[in-house]
*Asks:* 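Quick one: structure below, then a few questions.
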Amino acid sequence: MSTLRNLAEEHTRLRPADIDHLHRIAGDWQLLSDLSFADLLLWVPVDGDGAFLCVAQVRPTTAPTAYLDDQVGRIVGGPEVAHLEVAHRQGRIWREGDPVWYGDVPARHEAIPVRLRTTDGEAGEVIAVVGRDTNLSTARTPSQLELNYLTTADDLAQMIADGTFPPPRHPGETTSAPRVGDGLVRLDAGGKVTYASPNAQSAYRRLGYASHLVGEDLAALHRRLASDPLEGTDAANGILAALRGEAPPRREIDARGATMLTRALPLMPAGVPIGALVLVRDITEVRRRDRALITKDATIREIHHRVKNNLQTVAALLRLQARRVSMPEARVALEESVRRVASIALVHETLSMSSDEAVEFDGIVDRVASAATEVAATEATVGMRREGSFGVLPAEVATSLVMVLNELLLNAVEHGFPPAAETPAVPTGPGTPAPAAPAPGAPVAEAAGPVEPEVVLSAHRFRKMLHVSVTDNGRGLPPDFDAERSGNLGLQIVRALVTGELRGTIELRDGAKGGTEATLVVPLVRNAPEGRPAG
Ligand SMILES: Nc1ncnc2c1ncn2[C@@H]1O[C@H](COP(=O)(O)OP(=O)(O)O)[C@@H](O)[C@H]1O
Ligand SMILES: [Mg+2]
């Protein structure tokens with residue numbers, strides 16, 4: 001929750017609608033601050049004793065501040081806020097008075113009552129006061145620009161008192177609005193330019209308009225300048241709407257390869273439409289970078305797509321080779337390689353479909369898991385189940401992890417549930433009857449026991465760690481199995497990737513209820529430099 005809202009709720013009896021209005025003011029008042037060359041402080045009356053609480057503050061970007069320290073949260077009563085009290089009680093702008101001193105900074109105080117209009121458009125009550133405080137230490141005879149700014153500032157101040165500024169917001173306006181310093185144009189009630197700041201003049205020059213703006217009909221000019229006639233009409237209509245007293249959404253004008261963002265604001269102090277204020281910003285560079293980013297995004301996706309295609313080609317070549325060799329061991333080895341390459345291709349396929357360098361891993365691992373069940377050599381189908389979710393993983397984690405899980409899942413299916421002929425090879429202690437050997441004629445279900453062959457893959461995240469386990473209810477690890485050292489290429493790949501790329505740990509042990517359990521812990525914050533907290 002915002003400071004403004006917190007403070008207002010704690011110290012005042014303002015209604016939610018009032019607080020929303022104060023938020024709107026604080027969202028749009030940089031404009032007034034810059035045009036006024038003054039600090040603005042938003043004061044709300046505190047219950048009872050005539051004191052005021054400062055709930056928001058903004059400094060001008062066009063002039064030195066009158067306040068070096070933060071005023072938000074201050075509660076002030078007595079003579080220091082007498083001018084606020086007048087504005088609040090009488091509902092009018094207060095502006096006389098001698099300079100006040102803050103340390104050695106002379107300042108002029110003004111107070112603007114804040115009105116919230118009722119829903120049926122009536123001038124409502126005064127809910128707060130904006131203090132406009134100008135640092136006078138650098139004051140001198142104002143320039144043409146300054147005079148124009150100050151006049152416009154006074155119009156906007158009156159509109160705050162009327163409850164007609166700030167205008168309603170348009171949803172989805174994300175690009176930050178042009179500021180006073182970007183370029184400012186003032187129009188009279190007939191839509192003719194009465195003043196254009198030097199930056200505004202330059203912005204129009206980039207759009208191809210080289211003459212002086214003063215005296216121009218701006219709506220007509222926008223219509224003429226825009227390369228796209230529809231955009232031109234739209235921009236012109238925006239200006240005309242502001243002249244009628246409406247607040248049109250921001251608009252962009254493209255011309256001669258340049259882009260200008262415009263914001264038109266109605267000027268209607270005391271309810272009389274006297275013209276409009278148009279803020280303009282040259283956003284050519286921003287738009288060019290946007291386009292470059294989109295292209296870069298597409299390029300990255302295209303590269304992932306090609307990597308996937310290449311990997312699939314490699315897998316296909318290995319598959320062809322596997323079909324041609326007659327030595328069973330060689331064929332098995334080649335088929336394994338096909339699966340390894342194909343699992344990496346899956347990650348790239350997923351990466352090629354989204355624009356970020358992270359993948360939703362569940363979909364990938366489910367495909368790898370279901371492919372693993374297909375290599376089951378047993379007659380019975382091996383069930384495969386996932387518990388929990390991997391969530392979104394960074395691309396580099398996903399690539400290694402998919403390889404590791406491919407090996408573990410294959411092992412669970414392949415070695416946990418070997419073909420029947422292999423079963424007697426399971427060493428059972430001397431004298432112990434082989435439990436898995438079905439008695440001739442016994443019902444199969446009974447011989448196999450009540451448990452269906454099943455592999456469970458579980459994943460959950462806890463404190464930036466990913467915990468994964470692959471559990472099967474098969475025949476278990478061989479008795480002489482050494483979790484640290486045993487294994488062929490599959491487990492070697494697993495150990496290398498887990499301790500290397502993934503910087504995690506892996507354990508293989510007998511399951512609690514028989515079978516085998518592989519547990520894997522992978523940190524999700526990678527390569528965090530020393531000293532920086534992981535996260
Ligand atoms: N889930 C499991 N159940 C039973 N034995 C397993 C399991 N996982 C691994 N093993 C044992 O570990 C050995 C090494 O596995 P691995 O390195 O993947 O090579 P490969 O799968 O080619 O035999 C397997 O041969 C098997 O004996
Ligand atoms: Mg293996």
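Nothing fancy with the numbering, it's 1 onward along the sequence. Just so it is clear, the structure is predicted and the values come from calculations on it, not from any experiment. Counting starts at 1 for both ligands and their atoms, in listed order.
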*Asks:* How about R256: does its CZ atom have over 12 heavy atoms from other parts shown lying under 6.0 Å from it?
*Replies:* no
*Asks:* Could you identify the single nearest non-hydrogen protein atom to atom 15 (O) of ligand 1 and state the distance to 0.1 Å?
*Replies:*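 Answer, as residue, atom name and distance: N411 ND2, 3.5 Å.
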*Asks:* Which atoms of ligand 1 sit under 4.0 Å from any heavy atom of A412?
*Replies:* 1 (N)
*Asks:* Using 4.0 Å as the upper bound for N to carboxylate O, is an ion pair formed by D290 and R287?
*Replies:*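 The answer is yes: the pair qualifies as a salt bridge.
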*Asks:* What protein heavy atom lies closest to atom 12 (O) of ligand 1? Include the residue and the distance to one decimal.
*Replies:*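 Looking only at protein heavy atoms, the one closest to atom 12 (O) of ligand 1 is F481 CE1, 3.3 Å.
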*Asks:* What protein heavy atom is closest to atom 14 (C) of ligand 1, reported as residue, atom name and distance in Å?
*Replies:* G487 CA, 3.5 Å
*Asks:* More than 12 heavy atoms of other residues, nucleotides or ligands under 6.0 Å from CD of E285: is that the case?
*Replies:*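 It does: E285 CD has more than 12 such atoms within range.
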*Asks:* Applying the side chain to side chain donor-acceptor pair (under 3.5 Å) criterion to H348, which one of H304, K308, Q312 satisfies it?
*Replies:*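 Filter result, single survivor: H304.
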*Asks:* So with a 6.0 Å cut-off around CZ of R306, is the heavy-atom count from everything else above 12?
*Replies:*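 No, because the 6.0 Å sphere around CZ of R306 holds 12 heavy atoms or fewer from other groups.
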*Asks:* Identify the protein heavy atom lying closest to atom 3 (N) of ligand 1, giving its residue, its atom name and the separation to 0.1 Å.
*Replies:*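 Sorting protein heavy atoms by distance from atom 3 (N) of ligand 1 puts T516 OG1, 3.2 Å first.
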*Asks:* Closer than 4.0 angstrom, basic N to acidic O: yes or no for R339 and E335?
*Replies:* no
*Asks:* In the protein, what heavy atom is nearest to atom 10 (N) of ligand 1, and what distance, to one decimal place, separates them?
*Replies:*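 For atom 10 (N) of ligand 1, the nearest protein heavy atom comes out as L477 CD2, 3.8 Å.
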*Asks:* To the nearest 0.1 Å, how far is atom 4 (C) of ligand 1 from its closest protein heavy atom, and which atom is that?
*Replies:*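 The closest heavy atom on the protein side is G476 O, 3.2 Å.
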*Asks:* Heavy-atom pairs closer than 4.0 Å: do any link ligand 1 to the side chain of D472, the backbone, both, or neither?
*Replies:* side chain
*Asks:* How about N411: does one of its N, O or S atoms come closer than 2.8 Å to the Mg ion (ligand 2)?
*Replies:*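 Checking the Mg ion (ligand 2) against N411, an N, O or S atom does fall under 2.8 Å.
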*Asks:* Does atom CD (E231) have a neighbourhood of more than 12 heavy atoms from anything else shown, all under 6.0 Å?
*Replies:* yes
*Asks:* Does a side-chain N-to-carboxylate-O contact under 4.0 Å join R386 and D362?
*Replies:*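 Looking at R386 and D362, the cut-off is met.
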*Asks:* Which heavy atom of the protein is the closest neighbour of atom 27 (O) of ligand 1, given with residue, atom name and distance?
*Replies:* P478 CG, 3.4 Å
*Asks:* Starting from atom 20 (P) of ligand 1, locate the nearest protein heavy atom and write down its residue, its atom name and how far away it is, to 0.1 Å.
*Replies:*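 Result for atom 20 (P) of ligand 1: H415 NE2, 3.5 Å.
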*Asks:* For ligand 1, which part of N488 has a heavy atom less than 4.0 Å away: the side chain, the backbone, both, or neither?
*Replies:*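 Both parts.
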